[in-house]
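Worksheet: the structure to be examined is printed underneath.
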Amino acid sequence: DQQVKQNSPSLSVQEGRISILNCDYTNSMFDYFLWYKKYPAEGPTFLISISSIKDKNEDGRFTVFLNKSAKHLSLHIVPSQPGDSAVYFCAARGDTGTASKLTFGTGTRLQVTL
Amino acid sequence: DGGITQSPKYLFRKEGQNVTLSCEQNLNHDAMYWYRQDPGQGLRLIYYSQIVNDFQKGDIAEGYSVSREKKESFPLTVTSAQKNPTAFYLCASSTDRAGSPLHFGNGTRLTVT
């Protein structure tokens, strides 16, 4: 039962263009969402997050949009750079106030080409 | 320089042997976690601990055991009962405040033959 889904396993974007990575979730109790970036043989690094009380959060080139009614979120990277090439994981948690247990999607491999 | 240290980076074991993966953090985080990553799958939670001397099973705890005797350390033992132990194992920690992100180590790749 995959509660967090990233339906695109891979995405290729030209340098300078916008990258849009999508994520869908099924559990209506999730109300905090995070994006992580992962290089091969390394641990994921936190990129950006959004709480359910917002529909947009921006940090430099990275913007996360949340559509709670559609149970959908997306990560926009503008402009895309070659160093952005990595696997991106969407993650979600219920704001239970207890441990930050995260449920992860399967990841989308982004390749930024020259 | 604060962070999470996992050792070793690569580990090889024969089937039937128990093996312990190390995880140490100096971030003063209360909560620690173990995740497993397999090709084509997301990270799946094995065990987590919110406080010293206490831990809870995650989604795939069977065949694994943990201890939390110190705040800084959360070792994971992969026992011979784990059916498919070959994987990339990731340790993480967090402040356990609502909304705090997890900080990950660089992982240990375990290969069991």
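Hydrogens, waters and symmetry mates are skipped; everything else that's a heavy atom, side chains included, is used. In what follows, every chain begins at residue 1, and chains take the letters A, B, ... in the order their sequences are listed.
With A/N57 contributing its side chain and A/S49 its backbone, the two residues share a donor-acceptor pair below 3.5 Å.
With a 4.5 Å cut-off on non-hydrogen atoms, A/Y36 touches chain B through its side chain but not through its backbone. Only the side chain of B/L45 comes within contact range of chain A, with at least one heavy atom under 4.5 Å from a heavy atom of that chain. Within the 4.5 angstrom heavy-atom criterion, only side-chain atoms of B/Q37, from C-beta onward, approach chain A.
For B/K71 and B/D30, the salt-bridge test passes: some basic side-chain N is under 4.0 Å from an acidic carboxylate O.
No hydrogens or angles considered: nothing links the side chains of B/N18 and B/T20 as a donor-acceptor pair under 3.5 Å.
Top candidate by heavy-atom pairs under 4.5 Å with chain B, chosen from A/P44, A/C90, A/G105, A/P9, is A/P44.
Here the closest heavy-atom approach between residue B/R68 and residue B/S73 is recorded as CD-O, 3.4 Å.
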